[in-house]
Amino acid sequence: MKTHIDTPQGVFTAYFSEHGLAGLDFPAAKPAKAKDTGEAKLPATVRAWEKTTAAALRAVLAGKDPKALPPLDLSAGTPFQQSVWRELLKIGPGRTKSYGEIANLIGRSRAVRAVGGACGANPIPVLVPCHRVLAANKKLGGFSGGLERKISLLAAEGVTV
DNA sequence: CTCCGCCTACCAA
DNA sequence: TTGGTAGGCGGAG
């Protein structure tokens, strides 16, 4: 199910499955809709997750470490992608790693390019910090959500490239 | 099997 | 330094 989360950077859209947060979308470039009243119908569990998600999201956007994350439902990804995403969760605010380092950490030192693919397939940007992964030369690589966003997120954490 | 990608290391200008 | 490139790997069709 889908809900909207208000942040200083705009309204994000969160998707929840029966297992937890399954996806997150950046605010639409153009303001699609203004309000959402469907939240009143959400099950208590989902509302709790949403609350945690909102707090965590705002924390990261502010460059801080989220105290707690909602349960994440990464089941949509392949085993390889999930291992990459779990590795990304270990990167703290203001810290970065290269695609090659991630590859090493998950035991696929040569699968560098594949790691990039996994990052691009990340369904939960921001909370699963795909933006803290830079190219080998410590330069910006790419970012499916738009390089602008990657730059902003890093800037909020005090990282410049 | 083929094609593509948020990569890299390497080699030629 | 900049630019082109081939290798390597997982995912999608």
Undergrad: So, taking the atom named CG in A/L134 and the one named CG in A/L140, what distance separates them when rounded to the nearest 0.5 Å?
TA: 6.5 Å
Undergrad: Any sub-3.5 Å donor-acceptor pair from A/Q82's side-chain atoms to A/G77's backbone N or O?
TA: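 The answer is yes, because a donor-acceptor pair under 3.5 Å joins these two groups.
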Undergrad: When all nucleic acid strands are considered with a 4.0 Å heavy-atom cut-off, which category describes A/A111: base, sugar-phosphate, or nothing?
TA: sugar-phosphate
Undergrad: Atom NZ of A/K139 to atom C1' of C/dG3: distance rounded to whole Å?
TA: 17 Å
Undergrad: Where the side chain of A/K150 is defined as all heavy atoms beyond and including C-beta, which of C/dG11, B/dT8, B/dC6 is the nearest nucleotide?
TA: B/dC6
Undergrad: Think A/R149 forms a cation-pi with A/F26, using NZ or CZ under 6.0 Å from the six-ring centre and within 45 degrees of its axis?
TA: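 Yes, a cation-pi geometry holds between A/R149 and A/F26.
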Undergrad: Does the distance from a Lys or Arg side-chain N to an Asp or Glu carboxylate O, for A/E87 and A/K97, drop under 4.0 Å?
TA: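 The answer is no: the pair does not qualify as a salt bridge.
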Undergrad: Mind calculating the distance between NZ (A/K138) and P (B/dC6) to the nearest angstrom?
TA: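 For the pair A/K138 NZ and B/dC6 P, the rounded distance is 20 Å.
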Undergrad: A/Y99 has an atom OH; how far is it from atom P of B/dC7, in whole Å?
TA: 6 Å
Undergrad: For the side chain of A/C130, starting at C-beta, report the closest nucleotide among C/dG10, B/dC7, B/dC6.
TA: B/dC6
Undergrad: Name the nucleic acid region contacted by A/G141, choosing base, sugar-phosphate or nothing; use a 4.0 angstrom heavy-atom cut-off, strictly under.
TA: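 Since no nucleic acid heavy atom lies under 4.0 Å of A/G141, the category is nothing.
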Undergrad: Mind checking if A/G100 touches a base, just sugar-phosphate, or nothing, with heavy atoms under 4.0 Å?
TA: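 Contact class for A/G100: sugar-phosphate only.
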Undergrad: In Watson-Crick or G-U wobble terms, both distances under 3.5 Å, what is the partner of B/dG5?
TA: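 Per the H-bond distance test, C/dC9.
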Undergrad: Checking all strands, does A/G117 fall into the base, sugar-phosphate, or nothing category for heavy-atom contacts under 4.0 angstrom?
TA: nothing
Undergrad: Separation of A/I151 atom CD1 from B/dC6 atom P, in whole Å?
TA: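 After rounding, the gap between these two atoms is 16 Å.
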Undergrad: Between B/dC7, B/dC6, C/dG10, which nucleotide has the shortest distance from any of its atoms to the side chain of A/V112?
TA: B/dC7
Undergrad: Angle class for the A/F143/A/H131 ring planes (parallel below 30°, perpendicular above 60°, tilted otherwise)?
TA: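 Answer is perpendicular, since the angle exceeds 60°.
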Undergrad: Of the candidate nucleotides B/dC6, B/dC7, C/dG11, which contains the atom at the shortest distance from the side chain of A/T78?
TA: C/dG11
Undergrad: Could you tell me the separation between the CG atom of A/L140 and the P atom of B/dT8, rounded to a whole number of Å?
TA: 12 Å
Undergrad: Rounded to whole angstroms, how far apart are CD1 on A/I106 and P on C/dG8?
TA: 18 Å
Undergrad: In whole angstrom, what separates A/F143's CZ from B/dC7's P?
TA: 13 Å
Undergrad: Side chain of A/F80, heavy atoms from C-beta onward: which of C/dC9, B/dC7, C/dG11 has the nearest atom to it?
TA: C/dG11
Undergrad: Of all the nucleotides listed (B/dT8, C/dG10, C/dG11), which has the minimum atom distance to the side chain of A/Q81?
TA: C/dG11
Undergrad: Are A/R113 and B/dG5 close enough that a side-chain N or O sits under 4.0 Å from OP1 or OP2?
TA: no
Undergrad: Main chain of A/S98, side chain of A/E101: is a donor-acceptor contact present, judged purely on distance under 3.5 Å?
TA: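 Yes: the side chain of A/E101 pairs with the backbone of A/S98.
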Undergrad: Taking CG from A/L147 and P from B/dC6, how many angstroms apart are they, rounded to a whole number?
TA: 10 Å
Undergrad: Check the phosphate of C/dG7 against A/R110, side-chain N and O only, distance under 4.0 Å to OP1 or OP2. Yes or no?
TA: no
